[in-house]
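Here's the structure we're looking at; comments come further down.
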Amino acid sequence: MEPVAELQAVSRLYRMGDTEVRALDEISVAFNRGEFWSIMGSSGSGKSTLLNLLGCIDRPTSGTYLVGGRDTRDLDDDSLSELRGADIGFIFQSFNLIPQLNVLENIMVPLFYQEKPSLDGEESARSLAERVGLADRMSHRPSELSGGQQQRVAIARSLVNDPNILLADEATGNLDTHTSGEILDLFREFNEEGKTILLVTHEEEIGCQAHHVLRLKDGKIDEIGQGVG
Amino acid sequence: MGVGSLLLHKLRSLLTTLGVLFGVSSVIAMLAIGEGASEEAQEQIRQLGSQNVILRSVKPPEDVVSNQSTWSNNYGLTWNDFETVRDTFPWVTRAVPVRALMQDVRVGSNLMHPRVLATTAEYLEATGRLIYQGRFLGVEDQRRTANVCVLGYEVARTLFPVSSSVGEQVKIGPEYFEVVGVLLPRVPIGNDAPLPGVEITSEVLIPLSTGRRWFGDMQVKIRSGGRDIEVVELHEIIAAVDSAQHVPLAAAASRELLARRHRESDYEVVVPLELLARAEETKRIFNIVLGCIAGISLLVGGIGIMNVMLATVTERTREIGIRRALGAKKNHIMLQFLVETVVLSVGGGLVGILVGVAIPSAVEYWADMRTIVTIDAPILAFGISVSIGLIFGLYPAWQAANMDPVEALRHE
C-alpha cells in the first residue's frame with residue numbers, strides 16, 4: 001500500500017535563547033491510505049510539533065517529509081498552502097470556526113483558496129453539512145451552536161476539498177464523553193470511505209480506538225502499536 | 001468576507017472612516033470655494049475690460065496735502081492727462097473720461113447714495129457693460145447737456161421697485177434727470193471688492209457735460225471737523241488698447257506720463273490684465289496651501305485607518321492562522337486585509353464626497369459666496385481615498401500575511 005504521508009528521519013529543533021530544544025528527533029513513520037492512526041504522548045512529547053509538520057504549516061529542521069510522494073522540501077510557501085488546501089483537512093480542539101461567518105460559509109472557506117474553484121462547491125458543502133447532521137443549521141453562526149455541533153462544522157469544513165488526510169488535534173478535548181463518541185463515529189465513517197485519519201490525543205480511551213497507535217516520548221517514537229479499532 | 005468583519009465592528013469602522021471623510025470633504029469644499037472665489041475675482045477683473053488700462057485719481061495721504069493747503073484739496077488726473085493719453089498713445093483706440101460726483105439720488109422719499117458717474121457715450125463700449133432697458137447716453141445728450149441719466153440695475157430696482165424706471169424722473173442733487181436706460185448688473189454682485197482697484201457698486205451715469213454744468217469741478221464734503229473741499233478734474237480715464245499685447249506698453253507709458261506730470265502720487269494705474277495675472281498667482285498659492293492642508297488631514301485619516309487595521313490584524317491573528325491552515329496563501333491574506341482597508345477608506349471617501357459637495361451649496365446659501373464644484377474634484381477625492389486605503393493598508397496587510405501560521409493558531 002502506498003503511503004499518503006511519510007516521515008523519513010525528521011527532526012525539528014527550536015532555539016530558545018542559548019539552548020537548543022529537540023522537539024522531534026529522527027522520526028520515521030509512514031501513514032498509508034485509509035489508515036486510522038492516533039498519535040499519543042504526554043504534553044511536551046512532541047505531538048503538536050509533529051502535527052504541525054504533518055499539516056505543512058511548519059517545516060522540519062532536517063529529514064524528509066513526503067506527502068503523496070512529493071517531497072515538501074521542494075515546495076515554496078505558496079505551494080505548501082496549495083498542498084494544505086487540497087490534501088490536508090485540519091480539525092482543531094477549539095473548533096476554530098470563523099465567528100462572523102455562518103455554518104455554510106465556514107464550510108466553504110477552503111474552497112475560496114483553491115486554485116481551481118469547483119463549480120458545485122456550495123452543493124458539496126451543503127451535502128457535507130447534511131452528512132454531519134447540520135441540515136437545519138446552515139445559516140447559524142458558530143456562537144449559536146453547541147461544542148459538538150461546532151466540531152461537526154469543522155469536520156465538514158476539513159472535508160470540503162476532498163483531502164486524503166484528516167489531521168485532528170485533540171478534536172474531542174473540549175467535548176463531553178457522549179459527544180466525543182459521536183465525533184469518533186464520524187471519523188470512523190469517513191475513514192471507512194478511504195480517508196487517512198491522524199488523531200492527536202492524550203486521552204487513552206480515545207487513542208486506543210484507532211487502528212494504529214503511535215506513542216511519542218521526548219520527541220522520539222516510544223512505541224507503535226495496535227488499537228482496538 | 002472582508003466586508004462582513006467590518007460590519008462586525010460598525011462603530012469602529014465608522015469612526016475609522018471619519019478621518020478620510022473629513023479629509024476628502026474638506027478637499028472638495030475648499031477646492032469649490034477657492035475656485036468660486038477665483039472665478040468671481042476674474043469675472044470682476046474681466047468686467048473692467050482685459051484690454052483696458054484704467055487711470056484713477058487717488059487722494060494723496062492727508063499730511064502731505066495739508067502742508068500745501070489747509071482748506072482745499074487739489075489733486076488727481078487732469079484734462080491734460082486725458083488728452084495726452086487719447087491723442088499721443090498709439091495703441092489707445094479710445095479714451096473715456098469719468099468724473100465721480102458726490103450726490104444723492106432720490107425719487108420721492110427714496111434716497112440712495114450710488115456712485116454718480118459723469119462720462120461719455122463711449123463708456124458703455126469701453127467697459128463692455130450691457131443695456132437692460134432703454135438706451136445708453138448718446139453723443140446728442142452730451143452736446144445738448146441734457147438732464148438724462150442711465151441707472152445701474154441695483155439702483156433702478158431700489159428706486160422703482162415695481163414699475164419700469166425708463167421715462168421716469170429722478171433727482172440727482174438738486175436737479176431732476178430723466179431716466180433713459182438701465183444697465184444690466186455686473187454679474188455677480190459680490191459683497192465686497194476682493195482685489196484692490198476693483199469696485200463693484202451700484203451706479204448712476206449722466207453725460208459728462210451735464211455733470212460739469214450742474215456740479216462743477218469742486219466738491220464739498222461736510223465732516224464733523226469742518227468742510228473738505230476737493231477739486232478733481234477727472235476721477236478716471238479708461239483707455240481701451242487695440243490688443244492685449246499692447247496693454248503692458250500702454251500701462252508703462254501711462255505710468256511714466258503720470259510720474260512725470262504729478263509730483264505726488266495722487267493717481268493709480270489699474271491694469272486688469274496685470275490683476276488677472278496676479279489673481280492667477282494668488283489662486284496658485286491658494287491651491288498649494290489648500291493642498292497642504294488637505295494632505296495633512298488625509299494623512300491623519302490614513303494613519304487612523306492604519307492604526308485600526310494594525311489592531312484588527314492582532315485581534316484576528318487566530319483567524320489568519322485558521323485561514324492559512326485551510327490553504328490560504330500569503331497573497332490571499334494580504335488581499336483580504338487590503339480590501340478591507342480600501343473598503344473603509346473608499347466608504348469614508350464616498351460619504352466625504354457627498355459632504356464635500358453639500359458644503360459648498362451650504363456656503364453659497366448662507367454666506368452668499370460663489371462656489372464651483374468641478375467634476376475633477378470628486379474624481380480626485382475618490383482616487384485619493386483609494387490610494388490612502390492601499391498605502392496605509394499595505395503594512396498591516398503585509399504583517400498579517402507574514403505571520404507564522406503555527407504561532408497564529410496558538411494565539412488566544
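Proteins get letters first, then strands, A, B, ... in listed order; numbering begins at 1 in each.
Of the residues A:E123, A:E122, A:E130, the one that meets the side-chain hydrogen bond (donor to acceptor under 3.5 Å, both in side chains) test with A:R126 is A:E122.
Here A:S81 is the residue among A:G85, A:S81, A:S79 with the most heavy-atom pairs under 4.5 Å with chain B. For chain B, the option among A:L97, A:D77, A:D58, A:N52 with the highest count of heavy-atom pairs below 4.5 Å is A:D77. With chain A as partner, the option from B:D404, B:L409, B:N331 having the largest number of non-hydrogen pairs under 4.5 angstrom is B:L409. For the options A:N96, A:I88, A:I57, heavy-atom pairs under 4.5 Å to chain B are most numerous at A:N96.
Of the atoms belonging to B:R318, it is side-chain heavy atoms, and not backbone ones, that fall under 4.5 Å from chain A.
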Item to check | Test side-chain contact (heavy atoms from CB on, under 4.5 Å) applied to A:V160 and A:S124, step by step | outcome: CA-CA 7 Å; A:V160 75; A:S124 56; 4.3 Å; yes
Item to check | CA sep, side-chain torsions, deciding dist, call: A:F90, A:D169, side-chain contact (heavy atoms from CB on, under 4.5 Å) | outcome: CA-CA 8 Å; A:F90 276 92; A:D169 182 11; over 6 Å; no
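Side-chain contact between A:K195 and A:L159 is present, with at least one heavy-atom pair separated by less than 4.5 Å.
In this structure, A:E105 contributes its side chain and A:N102 its backbone to a donor-acceptor pair below 3.5 Å.
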